Protein chains: 2
Amino acid sequence: MANKMGYLSCLDTVKPVRDAIEVINGKWKLPIIISVMTGNERFTDIQESIPGITPKVLAKELKDLEQHQLIKRVVIDDYPVKILYRPEPYADTLTPIIDALKGWGLNHRKKIFEKE
Amino acid sequence: MANKMGYLSCLDTVKPVRDAIEVINGKWKLPIIISVMTGNERFTDIQESIPGITPKVLAKELKDLEQHQLIKRVVIDDYPVKILYRPEPYADTLTPIIDALKGWGLNHRKKIFEKE
DNA sequence: TATAGTGCTTTCCCAAAGGAAAGTGGAATA
DNA sequence: TATTCCACTTTCCTTTGGGAAAGCACTATA
């Protein structure tokens with residue numbers, strides 16, 4: 001029997017897009033990845049590089065990103081102990097997404113300002 | 001005086017990325033845009049093409065997308081009245097983002113399954 | 001000894017997101 | 001007349017996100 005759906009299936013695109021959104025969801029994950037990929041390693045450096053982020057949120061998001069193997073938490077056993085956050089190679093695979101969002105965001109802001 | 005920041009600035013990228021995220025945030029906006037761009041026009045068709053979405057959420061997100069000029073609500077004055085949702089040309093500018101997310105999502109799923 | 005910095009954690013709170021289920025009003029269909 | 005379809009709306013509730021502020025263990029510095 002044929003299927004009786006009256007709509008056009010778009011699951012081929014919707015499903016992988018949702019998978020991606022689940023990993024990089026929320027306001028902060030991509031900004032944090034960008035900051036770490038730029039070279040910020042220390043907790044407070046990352047915090048100061050992202051206006052508005054609070055330490056609670058940063059700590060939580062760093063844990064999430066670690067679980068997804070996008071960044072690595074490195075403990076340096078000096079006195080005093082240092083903690084560094086470094087991008088994992090897998091983070092590089094996000095570059096096309098970041099570039100696309102950056103390009104769109106720049107253009108969007110231009111569009112908004114032209115209007116008003 | 002020189003600036004005394006100890007962190008590396010990444011605002012050039014973080015700011016436009018945040019602008020983009022603000023427009024397409026949440027779980028549903030991109031799936032809805034994909035569905036409409038695929039050719040689904042009717043409320044129930046869109047709803048059925050996106051597993052798990054509820055009418056309340058769909059109605060709210062459609063309004064948001066209309067405000068951002070990504071889709072258009074068209075009223076057809078037949079008997080009975082029909083309401084169609086159509087993509088605006090501006091929605092096409094999201095294609096690079098959607099493609100990047102789709103590619104990443106497909107690869108991510110492959111990576112996850114290989115591991116387990 | 002007092003102060004400052006580091007990398008968080010804890011508590012409290014609020015707003016937004018989102019799910020479940022039922023309802024609604026008009027028009028078409030059986 | 002009863003049912004169904006369409007495009008939502010309404011209500012209720014739970015979860016999640018996120019902000020403010022304080023605290024804390026440790027070390028270094030004055």
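Order of the sequence lines fixes the chain letters, A, B, ..., with proteins taken first and strands second; residue numbering starts at 1 for each chain. Please read these numbers as outputs of a predicted model, since none were measured by experiment.
Dashed line: the shortest gap from a side-chain N or O of A/Tyr85 to OP1 or OP2 of C/dT6 is not under 4.0 Å. Side-chain nitrogen and oxygen atoms of B/Thr44 include at least one within less than 4.0 Å of the OP1 or OP2 phosphate oxygen of D/dA7. Between B/Arg42 and the phosphate of D/dC8, there is no side-chain N or O to OP1/OP2 separation shorter than 4.0 Å.
When each of B/Leu62, B/Leu65, B/Ile32 is tested with B/Leu70 by the rule side-chain contact (heavy atoms from CB on, under 4.5 Å), just one qualifies, namely B/Leu65.
The nearest heavy atom of DNA chain D to B/Leu84 and to A/Val81 marks one nucleotide each, and the one closer to the 5' end goes with B/Leu84.
A rotation axis mapping the C1' atoms of four pairs onto the next four is fitted at both ends of the helix from C/dT1-D/dA30 to C/dA30-D/dT1 over five pairs, and the angle between these axes is 10° to 10 degrees.
Atom CZ in A/Phe43 sits roughly 18 Å away from atom P in D/dC24 (whole-Å rounding). Per the geometry, CD1 belonging to B/Ile53 stands 15 Å off P belonging to D/dA7, to the nearest Å. In this structure, A/Asn25 places its CG atom 14 Å from P of C/dA17, rounding to the nearest Å. Atom-to-atom, CD1 of B/Ile83 to P of C/dG25 comes out at 16 Å; the value is rounded to the nearest Å. Rounded to whole angstrom, the span from the CD1 atom of B/Ile21 across to the C1' atom of D/dG18 amounts to 15 Å. Atom CD1 in A/Ile46 sits about 11 Å away from atom C1' in C/dG7, given to the nearest Å. Put simply, NZ on A/Lys29 is 12 Å from P on D/dT16, counting in whole angstrom units. Taking atom CH2 of A/Trp28 as the reference point, atom C1' of D/dT16 lies 16 Å away to the nearest angstrom.
Residues B/Lys29 and B/Glu61 are paired through a salt bridge, judged by an N-O separation under 4.0 Å between the basic side chain and the carboxylate. In this structure, A/Lys60 pairs ionically with A/Asp64, as a charged nitrogen and a carboxylate oxygen lie closer than 4.0 Å.
For B/Met37 against B/Pro87, the heavy-atom pair with the smallest separation is CG-CB, 4.0 Å. Of all heavy-atom pairs between A/Cys10 and B/Ile34, the closest is CB-CG2, 4.0 Å.
Within residues 58-65 of chain A, the residues approached by DNA chain C to less than 4.0 Å at the level of any non-hydrogen atom are A/Ala59, A/Lys63, in residue-number order.
Distance alone, capped at 3.5 Å, is enough to place a donor-acceptor pair between the A/Ser49 side chain and the A/Ile46 backbone.
When the side chain to side chain donor-acceptor pair (under 3.5 Å) test is applied to A/Glu41, the partners found at least two apart in sequence or on another chain are A/Arg86.
The nucleotide whose nearest atom lies closest to any side-chain atom of B/Lys56 is, among C/dC8, D/dG19, C/dG18, C/dG18. Of the candidate nucleotides D/dT10, D/dC8, D/dG19, D/dG19 has the atom lying nearest to any side-chain atom of A/Lys27.
A tilted orientation is assigned to the rings of A/Phe43 and A/Tyr85, their planes being inclined by 30° to 60°.
Between the NZ atom of A/Lys82 and the CZ atom of A/Arg42 there is a distance of 5.5 Å, given to the nearest 0.5 Å.
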